Peer 1: 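Quick one: the structure is below, and I'll ask about it shortly.
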Amino acid sequence: MKQDYEYIVLGLGGFGSAAAYWLARRAGTEVLGLEQFELGHVRGESQDHSRIIRLSYHATHYVELAKHAFAAWAELERDSGEQLVLRTGGLDLGPRVSAIPLSSYADSMDAAGVRYERLDAGEIMRRWPQWRLTDNIHGLFQEQSGIAMAARGNAAHVRMAREHGATLLDRTPVESIRHLNGEVEVVAGGAAYRGRRLVIAAGAWSNRALEQLEIRLPLRVTKEQVTYFASPRLADFQPDRFPIWIWMDEPCFYGFPAFGEPGPKVGQDAGGQEVTADTRTFDVDQPARDRVLRFLERYLPSALGPVIYTKTCLYTLTPDRDFVIDTVPGRPEIAVAIGGGHGFKFASLVGRILSELAIDGRTARDLSPFRLARPIMQLENPPTNYMV
Ligand SMILES: Cc1cc2nc3c(=O)[nH]c(=O)nc-3n(C[C@H](O)[C@H](O)[C@H](O)COP(=O)(O)OP(=O)(O)OC[C@H]3O[C@@H](n4cnc5c(N)ncnc54)[C@H](O)[C@@H]3O)c2cc1C
């Protein structure tokens with residue numbers, strides 16, 4: 001088997017499979033992807049039917065990035081012949097006085113020229129009578145938002161990377177990374193591979209990979225979960241009748257219409273316990289599920305029904321929850337991406353950016369908020385802010 005490549009990708013989850021795809025579009029057989037588990041495994045962050053994709057964000061640079069994210073998925077849809085994004089519209093709602101003010105979302109969409117509607121509680125309930133709200137609730141509706149079909153998107157990246165010539169190996173953990181005359185040698189599954197450039201997309205295992213480069217980032221890995229409910233009003237929760245939504249307060253909840261399972265999906269954002277990727281369990285966090293149940297009883301009662309199942313998943317949180325998308329300081333041949341627990345919507349775009357960093361050494365996207373060595377990433381015990 002070939003052992004010298006131009007480009008090596010470590011980790012083939014959401015970001016890594018996208019990077020392999022975008023690299024392979026330009027470099028074909030010069031791309032090697034290495035994944036420690038089986039492709040499509042459920043131990044990481046990217047594998048479920050759905051992830052929210054939205055233009056509505058608390059900062060303008062994310063709104064701008066989200067425009068390009070939609071474009072990257074659309075390009076993959078054209079190339080693969082598969083639908084990967086489903087538009088449902090997106091509702092951000094919550095108390096007028098809240099821990100996550102809607103004004104920052106409205107302001108950043110205004111600055112980025114994105115259209116949206118401001119809705120009061122009465123108008124929200126008129127459009128979606130599934131909600132039971134009091135007068136102090138208000139919302140923003142942005143029609144382009146919807147579902148990024150996560151598992152299907154990952155599979156499309158993998159399939160199309162291979163069609164463009166990439167070699168993707170599963171059950172092949174990278175055990176070491178060595179720097180060799182401006183190139184990189186990785187040892188994986190007992191074999192050594194050399195590459196001119198390396199992309200690290202290791203999710204919750206990022207610090208283990210970066211350790212090889214003597215870098216340790218202040219990341220927190222948490223075990224999060226989502227629950228599918230067999231609502232007795234299933235017709236009211238079809239994607240053409242009910243948008244994706246985010247409850248903008250602390251705790252922050254979010255949900256989806258029925259997609260992939262016969263019932264709506266609901267979760268709490270960043271409500272999970274700190275774990276490590278290796279010692280985490282797949283057990284349901286019952287108190288966290290109870291918080292979701294109480295929220296639904298109060299505000300969205302018709303979504304409730306028997307639990308279909310609860311699925312656990314990891315967040316890899318940076319202290320400010322901004323991504324890392326950067327080359328390693330002093331090592332331009334190595335690029336890194338970390339998603340901060342809200343990255344999937346950007347996965348294809350992040351893959352494209354990583355491919356540009358690897359092939360061209362630059363990208364047209366503004367990566368300054370995502371620098372690996374930004375001041376907060378240098379602190380051992382940084383303050384945290386998880387508002388997204
Ligand atoms: C419950 C939940 C809900 C979410 N909801 C949303 C949402 O609605 N919208 C949104 O945009 N985002 C959402 N996210 C966040 C988003 O899913 C993640 O940011 C994104 O999937 C991160 O992808 P990744 O490639 O970094 O990580 P992963 O998909 O985990 O990929 C990392 C991969 O690297 C592999 N790996 C690690 N080390 C090695 C090694 N040494 N050798 C080989 N392989 C290795 C791992 O096995 C893994 O496959 C959610 C996340 C969770 C958990």
Side-chain angles (χ1 to χ4, degrees), residues 8-20 32-54 57 62 65-66 69 73 90 145-148 150-151 153-154 157-158 168-177 186-189 198-212 219 221-227 244-246 254-256 265-272 277-278 280 285 288 310-318 321 323-325 336-351 354 388:
I8 299 180
V9 180
L10 183 162
L12 295 174
F15 286 178
S17 61
L32 172 68
L34 300 166
E35 166 55 48
Q36 62 184 342
F37 301 123
E38 68 282 7
L39 294 174
H41 70 87
V42 294
R43 298 176 184 87
E45 303 186 33
S46 304
Q47 207 62 16
D48 197 3
H49 301 297
S50 54
R51 291 284 191 253
I52 288 176
I53 181 165
R54 57 186 161 110
Y57 251 97
Y62 278 109
L65 204 67
W73 286 116
S145 307
I147 291 172
N154 298 331
H157 277 136
V158 164
L168 305 186
L169 303 180
D170 66 354
R171 299 182 175 87
T172 309
V174 173
E175 292 134 23
S176 77
I177 303 171
V186 301
V187 174
L198 173 68
V199 168
I200 300 180
W205 293 265
S206 293
N207 265 330
R208 183 180 296 165
L210 292 170
E211 219 168 62
Q212 303 279 327
L219 303 174
V221 176
T222 59
K223 190 181 95 177
E224 306 292 337
Q225 63 187 30
V226 291
T227 301
I244 58 104
W245 57 271
I246 304 181
Y254 61 91
F256 299 74
K265 175 170 97 168
V266 186
Q268 183 189 345
D269 180 48
D278 298 314
R280 61 80 65 92
D285 177 343
T310 295
K311 178 172 185 141
T312 63
C313 179
L314 300 177
Y315 274 6
T316 306
L317 294 165
T318 54
R321 221 168 156 185
F323 305 145
V324 171
I325 312 175
V336 181
I338 300 171
H342 61 114
F344 193 85
K345 64 183 75 60
F346 301 99
S348 200
L349 176 67
V350 170
L354 290 166
V388 288

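The model shown is predicted, which means the values in this text are computed figures rather than measured ones. Numbering of ligands and ligand atoms starts at 1, following listing order. All residue numbers refer to positions in the sequence shown, counting from 1.
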Peer 1: I'd like to check which ligand 1 atoms, numbered from 1 as shown, lie under 4.0 Å from a non-hydrogen atom of Gly14.
Peer 2: 25 (O), 29 (O)
Peer 1: Before signing off on this row, confirm whether Tyr315 and ligand 1 have an N or O atom pair separated by under 3.5 Å.
Peer 2: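 In fact, backbone or side chain, Tyr315 has no N or O that close.
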Peer 1: Output the list of atoms in ligand 1 that are nearer than 4.0 Å to some heavy atom of Phe37, sorted by atom number.
Peer 2: 47 (O)
Peer 1: Working to the nearest 0.5 Å, report the span between CG of Leu169 and CZ of Arg171.
Peer 2: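 Between Leu169 CG and Arg171 CZ, I get 12.0 Å after rounding to 0.5 Å.
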Peer 1: From Tyr254 OH over to Ile52 CD1, what is the distance, rounded to the nearest 0.5 angstrom?
Peer 2: 7.0 Å
Peer 1: With heavy atoms under 4.0 Å as the rule, classify the contact between Leu34 and ligand 1 as side chain, backbone, both or neither.
Peer 2: backbone
Peer 1: Are any of the N/O atoms on Ser46, whether in the backbone or the side chain, positioned under 3.5 angstrom from an N/O atom of ligand 1?
Peer 2: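 Between Ser46 and ligand 1, an N or O pair is found under 3.5 Å apart.
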Peer 1: How far is atom 27 (O) of ligand 1 from its nearest protein heavy atom, and which residue and atom is that?
Peer 2: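 For atom 27 (O) of ligand 1, the nearest protein heavy atom is Gly203 CA, 3.8 Å.
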Peer 1: Tell me: protein heavy atom nearest atom 22 (C) of ligand 1, and distance?
Peer 2: Glu45 OE1, 3.5 Å
Peer 1: Which protein heavy atom lies closest to atom 31 (O) of ligand 1, and at what distance to 0.1 Å?
Peer 2: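 Result for atom 31 (O) of ligand 1: Gly13 CA, 3.3 Å.
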Peer 1: Rounded to the nearest 0.5 Å, what separation is found between the CD atom of Gln47 and the CZ atom of Phe344?
Peer 2: 8.0 Å
Peer 1: Polar contacts were defined as any N/O atom of the residue lying under 3.5 Å from an N/O atom of the ligand; does this apply to Arg51 and ligand 1?
Peer 2: yes
Peer 1: Should Phe346 be counted as touching ligand 1, given the test is an N or O pair under 3.5 Å?
Peer 2: no
Peer 1: Is the closest N or O pair between Glu224 and ligand 1 shorter than 3.5 Å?
Peer 2: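 No: no nitrogen or oxygen of Glu224 is under 3.5 Å from one in ligand 1.
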Peer 1: Check whether any side-chain N or O of Thr172 sits under 3.5 Å from a backbone N or O of Asp170 as a donor-acceptor pair, and report yes or no.
Peer 2: yes
Peer 1: Ignoring hydrogens, just give me the one of Ala201, Gly44, Gly16 whose non-hydrogen atom is nearest atom 33 (C) of ligand 1.
Peer 2: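 Checking each option, the heavy atom nearest atom 33 (C) of ligand 1 is found in Ala201.
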Peer 1: Minimum heavy-atom separation for Ile147 to Ser50, with atom names?
Peer 2: CG2-CB, 3.5 Å
Peer 1: Is any side-chain heavy atom of Thr310 closer than 4.5 Å to one of Val226?
Peer 2: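 They are not in side-chain contact.
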Peer 1: Please write down residue, atom name and distance for the protein heavy atom closest to atom 9 (N) of ligand 1.
Peer 2: Ile52 O, 3.1 Å
Peer 1: Between Asp285 (side chain only) and Gln225 (backbone N and O only), is there a donor and an acceptor less than 3.5 Å apart?
Peer 2: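 It does not hold such a pair.
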Peer 1: Which protein non-hydrogen atom lies closest to atom 44 (N) of ligand 1, naming both residue and atom, and how far is it?
Peer 2: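 Minimum-distance protein heavy atom for atom 44 (N) of ligand 1 reads Gln36 N, 3.0 Å.
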Peer 1: Which of parallel (below 30°), tilted (30 to 60°) and perpendicular (above 60°) describes Phe323 and Phe15?
Peer 2: perpendicular
Peer 1: Within this structure, what is the CD-CZ distance for the pair Glu45 and Arg51, rounded to the nearest 0.5 Å?
Peer 2: 8.5 Å
Peer 1: So does Gly272 get a backbone contact from the side chain of Glu224, meaning a donor-acceptor N/O pair under 3.5 Å?
Peer 2: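 A pair under 3.5 Å: yes.
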Peer 1: Can an N or O of Phe15 be found at a distance shorter than 3.5 Å from an N or O of ligand 1?
Peer 2: yes
Peer 1: Tell me, which protein residue and heavy-atom name are nearest atom 47 (O) of ligand 1, and how many Å apart are they?
Peer 2: Glu35 OE2, 2.7 Å
Peer 1: Aromatic ring centroids of His342 and Tyr57 under 6.0 Å?
Peer 2: yes
Peer 1: Check this for me, if you would: do Arg43 and Glu38 make a salt bridge, where the nitrogen-to-carboxylate-oxygen distance has to be below 4.0 angstrom?
Peer 2: yes
Peer 1: Enter the distance from Leu32:CG to Leu168:CG here, rounded to the nearest 0.5 Å.
Peer 2: 8.0 Å
Peer 1: Any heavy atom of Ala209 closer to ligand 1 than 4.0 angstrom?
Peer 2: no
Peer 1: Is there at least one pair of N or O atoms, one from Thr172 and one from ligand 1, spaced under 3.5 Å apart?
Peer 2: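 So ligand 1 has no N or O lying under 3.5 Å from an N or O of Thr172.
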Peer 1: Could you check atom 1 (C) of ligand 1 against the protein and tell me its nearest heavy-atom contact, residue, atom and distance included?
Peer 2: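 Protein heavy atom at minimum distance: Cys313 CB, 3.7 Å.
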Peer 1: Indicate the atoms forming the closest heavy-atom contact of Ile244 with Ser145, along with that distance.
Peer 2: CD1-CB, 4.1 Å
Peer 1: To the nearest 0.5 Å, how far apart are CG in Leu210 and CG in Leu10?
Peer 2: 9.5 Å
Peer 1: Less than 3.5 Å between some nitrogen or oxygen of Ala337 and one of ligand 1, yes or no?
Peer 2: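 Min N/O separation from ligand 1 is not below 3.5 Å for Ala337.
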Peer 1: Can you list the atoms of ligand 1 that are under 4.0 Å from a heavy atom of Leu314?
Peer 2: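 Taking each heavy atom of Leu314 in turn, ligand 1 has 53 (C) under 4.0 Å.
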Peer 1: Do me a favour and list the nearest non-hydrogen protein atom to atom 19 (O) of ligand 1 with residue, atom name and distance?
Peer 2: Gly343 N, 3.0 Å
Peer 1: Taking only non-hydrogen atoms of Glu175, do any sit less than 4.0 angstrom from ligand 1?
Peer 2: no
Peer 1: Would you say that more than 12 heavy atoms from the other residues, nucleotides or ligands in this model lie under 6.0 Å from the CZ of Arg208, or not?
Peer 2: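 No.
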Peer 1: Any nitrogen or oxygen of Phe344, main chain or side chain, under 3.5 Å from a nitrogen or oxygen of ligand 1?
Peer 2: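 Looking only at distances, the answer is yes, because the N/O contact criterion of under 3.5 Å is met.
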Peer 1: Which of these, Val42, Thr316, Asp269, Val174, has its nearest heavy atom closest to atom 42 (N) of ligand 1?
Peer 2: Val174
Peer 1: Taking the non-hydrogen atoms of Gly341, is any one of them nearer than 4.0 angstrom to ligand 1?
Peer 2: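 Contact present.
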Peer 1: Please report whether ligand 1 has a polar contact with His41, defined as an N or O pair separated by less than 3.5 Å (distance criterion only).
Peer 2: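 It does: an N or O of His41 is found under 3.5 Å from an N or O of ligand 1.
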